[in-house]
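For reference, the structure is listed below as structure tokens.
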Number of protein chains: 2
Amino acid sequence: MRRDSRLSRMLHVLIHMDRHYKRATSDTIAQMLGTNAVVVRRTMAGLRKQGYVHSEQGHGGGWELARALTDISLFDVYQAIGAPPLFAIGPSVEQPECLVEQAVDARLNDALQEAETLLLERFRSVTVADIAQDFDACFAEHTHHA
Amino acid sequence: MRRDSRLSRMLHVLIHMDRHYKRATSDTIAQMLGTNAVVVRRTMAGLRKQGYVHSEQGHGGGWELARALTDISLFDVYQAIGAPPLFAIGPSVEQPECLVEQAVDARLNDALQEAETLLLERFRSVTVADIAQDFDACFAEHTHHA
DNA sequence: AATACACGTAACCCGTCTTGTTACAGAAAG
DNA sequence: CTTTCTGTAACAAGACGGGTTACGTGTATT
Ligand code: FES
Ligand code: FES
């Protein structure tokens, strides 16, 4: 359990639901992700709150897409899972007294802020549908050579 | 203990040694960082291995700079502490079978790689001396208004 | 109504990683 | 020889993502 994989997993699920099965239970999804149904529900709760997916209880229930993949960006999904911290490094304390430490943290935060801005910009500019198309292309390539 | 603060701390120490006391014991450094002497030795061991600082044992020993701050970049320090992981998010597994997951991870890694490149580029282009100068400027400003 | 199915959520444990702490060995100066 | 340092190993603490169990709730089937 090193790095937070929730974003990756949720993207996978969204595309899976769009391309394979419009409706899927937590258990099915958990199996394909190699994890647990509770983890799936826990993570997808965020997506539901934002209205990207819809869930129904009881017999025949499960999860289904509530929006087109073209209307969901990586940033949307990132936000939906709670916008977890992006970086594993950072300053030591929030409000350091020492002026040197303030200068250090300012420079460090500058660089981190730049990288974060770039990363989130990329997230904003890519839709889940874009990734699905990548898959389509890769799949076509795959079958073409077979 | 949220984010790895070793980089920030080591930068602080380097500038402290250059501007205040050329020689300092682990205990002194630990006190100014608000931590423990063993943690200081542990972290600074990397800087010593790279030849940025020098340590001497026994009575009157301690740490001192072995290179000018102008010759040490943030990237150097980052490398010296072991180049810890920069990001807290990432793909779930290394070699996914599912082509969708591969497409997801490819896009994700693309964005992360871009951000990492930018961040390390910034680290490379800033020397510890640059930060020390920031401090000088801030300090002058501070006393000027007093 | 009873049952099976599936989500919702809380509670708990586990693995990993940084950080803090204790303990002890070795080296250098007084 | 004692004091003052570093060098390391070993271990505990705290945080966090992730896995698991348990139980409640809603819904379709019988
Ligand atoms: S398992 Fe369905 S898309 Fe990967
Ligand atoms: S304590 Fe010496 S520079 Fe911050």
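Chain letters run A, B, ... following the sequence lines, proteins first and then strands; every chain starts at 1.
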| query | With sugar-phosphate meaning primed atoms plus P, OP1 and OP2, does B/Asn36 contact a base, only sugar-phosphate, or nothing at under 4.0 Å between heavy atoms? | reply | base
| Taking N and O atoms by type only, does the side chain of A/Arg42 place a donor or acceptor under 3.5 Å from a partner on the base of D/dT20? | yes
| request: Look at all strands and tell whether A/Arg23 reaches a base, only sugar-phosphate, or nothing, counting heavy atoms closer than 4.0 Å. | output: nothing
| query | Which nucleotide, D/dC5, C/dC7, D/dG18, lies nearest any side-chain atom of B/Thr25? | reply | D/dC5
| task | Would you please name every residue forming a side chain to side chain contact (heavy atoms under 4.5 Å, CB included) with B/Ser125, sequence neighbours left out? | result | none
| message | Testing the basics here: between B/Leu14 and B/Leu69, what is the closest heavy-atom pair and its distance to 0.1 Å? | response | O-CD2, 4.1 Å
| request: Write out all pairs satisfying salt bridge (charged side-chain N to carboxylate O under 4.0 Å, His left out) with one or both partners inside residues 44-67 of chain A, taking only residues at least two apart or from two chains. | output: A/Arg23-A/Glu56, A/Arg23-A/Glu64
| said: Is B/Arg2 close enough to C/dT19 that one of its side-chain N or O atoms is under 4.0 Å from OP1 or OP2 there? | reply: no
| Any residue of residues 80-97 of chain B with a heavy atom less than 4.0 Å from an atom of DNA chain D | none
| request: Check side chain to side chain contact (heavy atoms under 4.5 Å, CB included) between B/Ser26 and all other residues, then give those that pass, not counting sequence neighbours. | output: B/Ala37, B/Val40, B/Arg41, B/Trp63
| note | For residues 4-14 of chain A, the salt bridge (charged side-chain N to carboxylate O under 4.0 Å, His left out) pairs (sequence neighbours left out) are A/Asp4-A/Arg6
| field | Spacing between B/Asp27 atom CG and C/dT21 atom P, to the nearest angstrom | value | 12 Å
| query | Hey, which of these two, A/Gly61 or B/Asp4, hits DNA chain C nearer its 5' end, going by closest nucleotide? | reply | A/Gly61
| request: Report which part of the nucleic acid A/Arg6 touches: base, sugar-phosphate, or nothing (heavy-atom distance under 4.0 Å, all strands). | output: sugar-phosphate
| field | Side chain of B/Arg48 (C-beta onward), nearest among D/dT6, C/dC7, D/dG18 | value | D/dT6
| query | Taking protein heavy atoms under 4.0 Å as touching, what does nucleotides 22-30 of chain D look like 5' to 3' if B marks base contact, S marks sugar-phosphate-only contact and - marks none? | reply | ---BBBS--
